[in-house]
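Notes follow the structure.
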Amino acid sequence: MFQISGVKTRYFEFEAPDNRKVLHIEPPKLKTLNRLSKLRSDASPEEMTAIIAAIISKNREGRKVDGNLVMEWMNSDQLAAFIGAFLSWLNDTKEKDPN
């Protein structure tokens with residue numbers, strides 16, 4: 001019998017720029033991933049950073065992050081790089097160990 005609770009949680013390591021502490025980010029819920037995938041290139045910075053803040057806030061350390069903090073942490077190139085690295089991590093780890 002398959003039990004969702006038996007699926008091992010994996011973590012994306014992210015160094016918080018303000019205090020240089022590593023946050024261990026869990027994979028997002030499908031609802032959040034869907035919001036991220038629906039972002040258009042003309043989305044406002046507030047829309048983008050709110051989604052990224054939700055993703056970063058789902059961390060093992062319990063640190064809450066809001067869109068304003070993400071805007072302080074990152075410029076547009078860094079935000080794009082974070083999204084690319086995070087999505088790559090989701091795909092790579094899923095392929096290596098789907099459970």
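Along the sequence shown, residues carry numbers from 1.
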Tell me if a side-chain donor or acceptor on [X] pairs with a main-chain N or O of [Y] at a distance below 3.5 Å.
X	Y	answer
Glu26	Arg60	no
Lys58	Pro27	yes
Ser57	Ala53	yes
Asn91	Ser88	no

How many angstroms lie between atom [atom1] of [X] and atom [atom2] of [Y], to the nearest 0.5 angstrom?
X	Y	atom1	atom2	answer
Arg35	Ile52	CZ	CD1	9.5 Å
Leu23	Tyr11	CG	OH	12.5 Å
Glu46	Met71	CD	CE	4.5 Å
Gln3	Met1	CD	CE	4.0 Å
Thr49	Trp73	OG1	CH2	12.0 Å
Ile55	Phe14	CD1	CZ	11.5 Å

inquiry  = Count I, L, V, M, F, W, Y as connected when their side-chain heavy atoms are under 4.5 Å apart, and connections chain through other members. Are Leu39 and Leu90 then in the same cluster?
reply    = yes
note = Between Ile25 and Trp89 the two heavy atoms that sit nearest each other are O-CH2, 4.0 Å
Heavy-atom closest contact (Asn59 atom, Arg63 atom, distance) = ND2-O, 2.7 Å
task = For the residue pair His24 and Glu13, establish whether any side-chain heavy-atom pair is separated by less than 4.5 Å.
result = yes
Residues 76-83, side-chain donor-acceptor partners within the protein, below 3.5 Å, at least two apart:
residue: Gln78; atom: OE1; partner: Asn75; partner atom: N; Å: 2.8

task = Start with the C-alpha distance between Ile56 and Leu69, add both sets of side-chain angles, then the distance that settles side-chain contact (heavy atoms from CB on, under 4.5 Å), and finish with yes or no.
result = CA-CA 11 Å; Ile56 295 172; Leu69 185 56; over 6 Å; no
message = Does Leu87 form a side-chain contact (heavy atoms from CB on, under 4.5 Å) with Leu33? I'd like the steps, not just the answer.
response = CA-CA 10 Å; Leu87 292 176; Leu33 194 57; 4.2 Å; yes
request  = For Asp42, check side-chain hydrogen bond (donor to acceptor under 3.5 Å, both in side chains) against everything at least two apart and list the hits.
outcome  = Arg40
